[in-house]
Amino acid sequence: FPVTIRPGEFNVWVVNGARCIGVDVCGLCINKAPENFSAAVPTLQARVHRQPLTAVEDENCFQASQVCPADCIQNGTTDERACGASEFHF
């Protein structure tokens, strides 16, 4: 994982909407973590519709961040500063 977390705590995942190429083109995040990612309407950009509730969901979100071709899924705990929190879709 990108940061150290305590047992029972999970990362806060965010999508940089300015960089997302759209789930109609890609959709890897929804395939990896359907419990947590969906398409924003009407833009079809990925969004986090629910933060992880379990370690498995957190790992799935991490895996989605690793396969994202636009590199637009970040751990908001550490990456907000780099991308600008106002650009994120929660």
Side-chain angles (χ1 to χ4, degrees):
F1 284 98
V3 297
T4 303
I5 55 176
R6 294 188 301 263
E9 292 184 358
F10 307 108
N11 292 293
V12 175
W13 295 98
V14 291
V15 174
N16 182 327
R19 293 199 309 218
C20 178
I21 60 176
V23 299
D24 56 331
V25 175
C26 175
L28 289 172
C29 57
I30 294 174
N31 289 335
K32 289 284 183 185
E35 308 85 3
N36 308 101
F37 292 96
S38 62
V41 177
T43 64
L44 295 181
Q45 292 172 320
R47 71 179 189 96
V48 177
H49 66 259
R50 191 186 79 197
Q51 293 296 328
L53 300 176
T54 68
V56 170
E57 287 184 8
D58 200 36
E59 173 64 19
N60 290 345
C61 289
F62 174 73
Q63 293 301 321
S65 75
Q66 297 301 291
V67 300
C68 177
D71 193 31
C72 67
I73 301 169
Q74 287 92 24
N75 175 333
T77 308
T78 58
D79 293 334
E80 284 184 326
R81 299 176 311 276
C83 300
S86 65
E87 298 176 355
F88 292 117
H89 294 161
F90 289 94

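Minimum interatomic distance between Val67 and Leu28 (heavy atoms only, all atoms of both residues): O-CD1, 3.6 Å. Between Cys72 and Arg19, the shortest heavy-atom contact is CB-CB, 3.8 Å. Annotation for Ala64 and Cys29: closest pair CB-CA, 3.9 Å, computed over non-hydrogen atoms. The shortest non-hydrogen separation linking Ile73 to Trp13 is CG2-CE3, 4.1 Å. The shortest heavy-atom contact between Ala70 and Cys20 is CB-CA, 4.5 Å.
Inter-residue side-chain proximity for Gln74 and Asn16 is flagged as met; some heavy-atom pair is nearer than 4.5 Å. For the pair Val23 and Phe37, the minimum side-chain heavy-atom distance is 4.5 Å or more.
Distance check: Asp58 CG to Gln63 CD gives 11.0 Å after rounding to the nearest 0.5 Å.
Within the structure, side chain to side chain donor-acceptor pair (under 3.5 Å) contacts touching residues 21-35 (residues at least two apart or in different chains) do not occur.
A continuous path of hydrophobic side-chain contacts links Phe62 to Ile30 [ILVMFWY only; heavy atoms under 4.5 Å].
By the side chain to side chain contact (heavy atoms under 4.5 Å, CB included) test, Leu53 is found to be paired with Arg50, Glu57, residues two or more places apart in sequence or in another chain being considered.
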